Amino acid sequence: MRISSLEEYGLRCLLALATQPEGIQLTIPEIAQKEGLSEPYVGKILSLLKKGNLIRSARGRKGGFTIAKPANEISLLEAVTTLGGPLIEHDHCNKYTGVLQQCVHYDCCSVRYVLGGLMAYIGEFLSKTTLADIMKDHELSNKEWLAGMSQAISAPLSTPSASVKQTGFDI
């Protein structure tokens, strides 16, 4: 799985809004300066986040952007898929058929099983991790953060097939 710049910067913009005290809004220039991004790019990111109902905007002189719901109700899966689409697209196997109309491994594909399982684990981890969780982690040192991530990764997850549908990848 690759995290695109849009997803990385989108999470950072969302985090910038979530860390504001309740009722405090940020403008595009404020977010751009805070995150070291161009104003047009922040505008594009905020447009996607608004379409995904993760943030709200208010017009006018005292307008700006705020998160639309509490940080503990916004999963990283919701944020990442709002910014970049599903982890694996539904028609993934149809894109890699070689010169044929259908992949020669369509009926018995171990690669599809592995990718589906991987996406299920990633999807489950991201769905269990909220914006509030990474707000807490934002305060930790790198050593503490790595230790926490190691624990989270080693925690047992459900079987891949049980949560594959959640990621948008049918196996």
Side-chain angles (χ1 to χ4, degrees), residues 1-90 92 95 115 118-155 157-158 163-169:
M1 175 181 165
R2 283 196 177 130
I3 299 293
S4 70
S5 60
L6 187 66
E7 294 158 339
E8 166 73 23
Y9 297 142
L11 286 173
R12 287 173 39 184
C13 291
L14 196 54
L15 186 59
L17 292 170
T19 56
Q20 295 304 302
E22 190 173 336
I24 301 297
Q25 300 178 32
L26 292 176
T27 64
I28 289 174
E30 289 170 332
I31 296 169
Q33 182 180 20
K34 187 176 187 141
E35 294 303 322
L37 302 170
S38 72
E39 290 182 23
Y41 197 45
V42 170
K44 176 183 177 178
I45 290 168
L46 296 181
S47 175
L48 290 170
L49 293 172
K50 187 175 177 189
K51 284 179 187 173
N53 298 315
L54 296 178
I55 65 170
R56 289 189 302 253
S57 66
R59 292 179 177 249
R61 187 175 179 129
K62 294 186 180 186
F65 295 86
T66 59
I67 61 171
K69 51 189 172 182
N72 66 345
E73 294 178 16
I74 299 175
S75 76
L76 294 189
L77 181 63
E78 182 180 16
V80 168
T81 56
T82 294
L83 292 160
L87 297 178
I88 289 186
E89 298 190 23
H90 285 69
H92 174 82
K95 288 183 177 181
L115 290 177
L118 179 61
M119 289 302 104
Y121 283 123
I122 292 170
E124 188 169 347
F125 178 80
L126 291 175
S127 71
K128 288 180 178 180
T129 307
T130 67
L131 199 54
D133 294 330
I134 64 171
M135 287 169 62
K136 287 186 288 188
D137 290 344
H138 188 67
E139 303 295 323
L140 299 176
S141 70
N142 284 338
K143 186 177 178 182
E144 293 169 317
W145 184 84
L146 288 172
M149 289 303 292
S150 176
Q151 274 185 321
I153 290 169
S154 65
L157 296 172
S158 63
S163 54
V164 167
K165 296 269 187 220
Q166 200 175 15
T167 64
F169 186 69

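Small disclaimer: the values here were computed from a predicted structure and weren't measured. Each residue takes its place number in the sequence, starting with 1.
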Supply the atom-to-atom distance [X] [atom1] to [Y] [atom2], rounded to the nearest 0.5 angstrom.
X	Y	atom1	atom2	value
I31	R12	CD1	CZ	12.0 Å
L49	K44	CG	NZ	12.0 Å
T129	I134	OG1	CD1	8.5 Å
E30	L17	CD	CG	10.0 Å
E7	T81	CD	OG1	9.0 Å
C13	L37	SG	CG	5.5 Å

Can you name the closest pair of heavy atoms from [X] and [Y] and give their distance?
X	Y	value
G64	Q25	N-OE1, 2.7 Å
I67	A18	CG2-N, 3.8 Å
S57	K50	OG-NZ, 2.8 Å
E39	A32	CG-CB, 3.8 Å
L11	A79	CD2-CB, 3.7 Å

Review point. Where the side chain of Y41 meets the backbone of L6, is there a donor-acceptor pair that is under 3.5 Å apart?
Key: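 Yes, because the side chain of Y41 sits within donor-acceptor range (under 3.5 Å) of the backbone of L6.
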
**Study point:** Short side-chain to backbone donor-acceptor contact, T82 and E78, under 3.5 Å
**Key:**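 Confirmed, T82 side chain pairs with E78 backbone.
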
Review point. Does E73 CD have over 12 foreign heavy atoms under 6.0 Å away?
Key: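 Counting neighbours around CD of E73, more than 12 heavy atoms of other residues, nucleotides or ligands fall under 6.0 Å, so yes.
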
Exercise for review: In sequence, state the C-alpha distance, the side-chain angles, and the governing distance for V42 and E35, and then conclude on side chain to side chain contact (heavy atoms under 4.5 Å, CB included).
Suggested key: CA-CA 9 Å; V42 170; E35 294 303 322; 5.8 Å; no

Exercise for review: For side chain to side chain contact (heavy atoms under 4.5 Å, CB included), just list the numbers for K69 and L54, CA-CA rounded to whole Å, side-chain angles, deciding distance to a tenth of an Å, and then say yes or no.
Suggested key: CA-CA 7 Å; K69 51 189 172 182; L54 296 178; 4.2 Å; yes

